[in-house]
Participant: 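Encoded as structure tokens, here's the structure I'll be asking about.
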Amino acid sequence: MTERGFDVWAAGDAYERYMGRWSRLVADEFVAWLPCPPGARWLDIGCGSGALTSAVAARCRPRTLVGLDGSAGFVTTARASTAAPARFAVADARALPVRDAVFDSVVSGLVLNFLATPGAALTEAARVVRPGGLVAAYVWDYAEGMEFLRHFWGAATTVDPSAAAHDESRRFPLCDPTALADLWNEAGLTRVTVAPIGITTLFPHFDDLWSPFLSGQGPAPGYVATLSPATRERLRRTLRDRVPAGADGAITLKARAWTVRGSKRDH
């Protein structure tokens with residue numbers, strides 16, 4: 001993960017409550033969508049708190065599994081939460097400390113849009129994968145597919161119109177199937193495929209939705225951390241009034257990620 005503006009990534013445990021629990025649901029389906037021969041060598045770039053690394057370990061029986069992330073705090077969380085043998089290290093996605101053509105599959109979850117130069121990271125991914133190997137990733141559909149964030153930013157801009165500038169749907173045009181396919185094609189990858197993954201985000205009660213926004217981890221929580229207590233309370237009340245809750249107080253919303261995969265040319 002990276003830091004840019006309000007995009008703070010330092011505390012893996014706090015991130016787990018905010019977004020990691022939903023990323024884990026997507027990661028499992030994402031890995032099921034990929035070719036997964038046993039005994040392969042896998043690299044997870046921007047491994048965060050270990051959601052995708054754990055899914056690879058559980059489904060693919062890898063011979064080698066490495067997770068790299070720019071945040072030491074996230075690497076610590078990933079190392080503690082991944083039961084299967086895996087190696088983790090702190091590294092920049094745009095300058096991987098890896099030799100050419102070492103891995104069979106290079107994957108990444110919820111990272112590319114937070115990088116100032118995602119094309120550079122994809123070039124690095126293609127460099128370290130073997131000819132014929134897989135390069136794949138997923139990102140959230142911030143513009144249309146993340147209902148709890150749509151409700152959050154709708155409430156935030158009601159309370160503070162300047163909040164619109166921080167909304168991920170405006171900031172991350174890469175999180176779109178056409179943009180992802182273009183990026184993969186521009187990197188020289190072949191057999192490029194893009195597909196959606198949808199999940200349900202179930203919050204048993206409103207506090208389960210609201211309290212992760214107080215974590216300071218990620219764009220929306222980073223924005224909340226800048227607010228005065230009074231404005232933060234106005235935002236909480238506005239959000240509570242916006243979200244649809246059942247008779248038992250549970251809030252059931254939808255989330256969607258875009259996945260993309262391609263192969264390195266086999267020269």
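Reckoned from all heavy atoms, side chains included, excluding hydrogens, waters and symmetry mates.
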Participant: Anything under 30° is parallel, anything over 60° is perpendicular, the rest tilted; go ahead and classify W210 against F206.
Facilitator: parallel

Participant: Indicate yes or no: at least one non-hydrogen side-chain atom of F152 is less than 4.5 angstrom from one of L209.
Facilitator: no

Participant: Closest approach of A179 and P173, non-hydrogen atoms and distance?
Facilitator: CB-O, 3.6 Å

Participant: To the nearest 0.5 Å, what is the distance between CG (L180) and CG (N185)?
Facilitator: 11.0 Å

Participant: Would you say the side chain of T64 lies within less than 4.5 Å of the side chain of F103, judging by non-hydrogen atoms?
Facilitator: yes

Participant: Side-chain contact, heavy-atom cut-off 4.5 Å: E168 with C175?
Facilitator: no

Participant: Hey, mind stepping through V106 and W42 against side chain to side chain contact (heavy atoms under 4.5 Å, CB included) and telling me if it holds?
Facilitator: CA-CA 6 Å; V106 177; W42 289 76; over 6 Å; no

Participant: Within a reach of under 6.0 Å around CZ of R61, are more than 12 heavy atoms found that belong to other residues, nucleotides or ligands?
Facilitator: no

Participant: Could D207 and R240 be called an ion pair, given the rule that one side-chain N must be under 4.0 Å from one carboxylate O?
Facilitator: no

Participant: Show your working on side chain to side chain donor-acceptor pair (under 3.5 Å) between D160 and S162 and close with a plain yes or no.
Facilitator: CA-CA 5 Å; D160 170 22; S162 71; 2.6 Å; yes

Participant: Which atom names give the shortest non-hydrogen contact between T231 and S228, and what distance separates them?
Facilitator: OG1-OG, 3.0 Å

Participant: Flag the pair V111 / I45 as yes when at least one side-chain heavy-atom distance between them is below 4.5 Å, and no otherwise.
Facilitator: no

Participant: Side chains of L52 and R24: does their closest heavy-atom pair fall under 4.5 Å?
Facilitator: no

Participant: Does atom CZ of R170 have more than 12 heavy-atom neighbours, drawn from other residues, nucleotides or ligands, at distances under 6.0 Å?
Facilitator: no

Participant: I need the R236 CZ to D241 CG distance, nearest 0.5 Å.
Facilitator: 9.5 Å

Participant: Does the side chain of V90 come within less than 4.5 Å of D69's, by heavy atoms?
Facilitator: no

Participant: Show me the side-chain donor-acceptor pairs of residues 127-134 shorter than 3.5 Å, one per line, residues at least two apart or across chains.
Facilitator:
residue: R127; atom: NE; partner: E124; partner atom: OE1; Å: 2.7
residue: R127; atom: NH1; partner: V98; partner atom: O; Å: 2.8
residue: R127; atom: NH1; partner: D100; partner atom: OD1; Å: 2.7
residue: R127; atom: NH2; partner: L96; partner atom: O; Å: 3.2
residue: R127; atom: NH2; partner: V98; partner atom: O; Å: 3.1
residue: R127; atom: NH2; partner: E124; partner atom: OE2; Å: 3.0
residue: R130; atom: NE; partner: D104; partner atom: OD1; Å: 2.7

Participant: Using the six-membered ring wherever Trp is involved, compare the ring planes of W22 and F148 and label them parallel, tilted or perpendicular (cut-offs 30° and 60°).
Facilitator: tilted

Participant: Quick one: closest heavy-atom pair of C47 and G67, and the distance?
Facilitator: SG-C, 3.8 Å

Participant: Residues in side chain to side chain contact (heavy atoms under 4.5 Å, CB included) with R150, at least two apart?
Facilitator: W153, D167, S169

Participant: Quickly, which of E147, E29, E144 forms a salt bridge (charged side-chain N to carboxylate O under 4.0 Å, His left out) with R256? Name it, please.
Facilitator: E144

Participant: Report yes if the side chains of L65 and V56 come closer than 4.5 Å at any heavy-atom pair, otherwise no.
Facilitator: yes

Participant: Would you say the ring centers of Y223 and F213 fall short of 6.0 Å from each other?
Facilitator: no

Participant: Work out which heavy atom in R261 is nearest to a heavy atom in A136; give both atom names and the distance.
Facilitator: CB-CB, 3.7 Å

Participant: With rounding to the nearest 0.5 angstrom, report the CE to CG distance, M146 to L253.
Facilitator: 10.0 Å

Participant: Indicate the atoms forming the closest heavy-atom contact of R94 with A121, along with that distance.
Facilitator: CG-N, 3.9 Å

Participant: Is any side-chain heavy atom of S105 closer than 4.5 Å to a side-chain heavy atom of L34?
Facilitator: no

Participant: For residues 187-200, tabulate all N or O donor-acceptor pairs below 3.5 Å that involve a side-chain atom, not counting sequence neighbours.
Facilitator:
residue: T190; atom: OG1; partner: S263; partner atom: O; Å: 3.2
residue: R191; atom: NH2; partner: S263; partner atom: OG; Å: 3.3
residue: T200; atom: OG1; partner: K254; partner atom: NZ; Å: 3.1

Participant: Using 0.5 Å steps for rounding, measure from the CG atom of L122 to the CH2 atom of W184.
Facilitator: 4.5 Å

Participant: Measure the spacing between CZ of F114 and CG of L174 and express it to the nearest 0.5 Å.
Facilitator: 11.0 Å

Participant: What do the steps show when you test T117 against L115 for side chain to side chain contact (heavy atoms under 4.5 Å, CB included), and what is the final call?
Facilitator: CA-CA 5 Å; T117 53; L115 300 175; 5.6 Å; no

Participant: Testing the 3.5 Å rule here: is there a donor-acceptor pair between the side chains of S23 and Y138?
Facilitator: yes

Participant: How many angstroms lie between CZ in R87 and OG1 in T53, if you round to the nearest 0.5 Å?
Facilitator: 12.5 Å

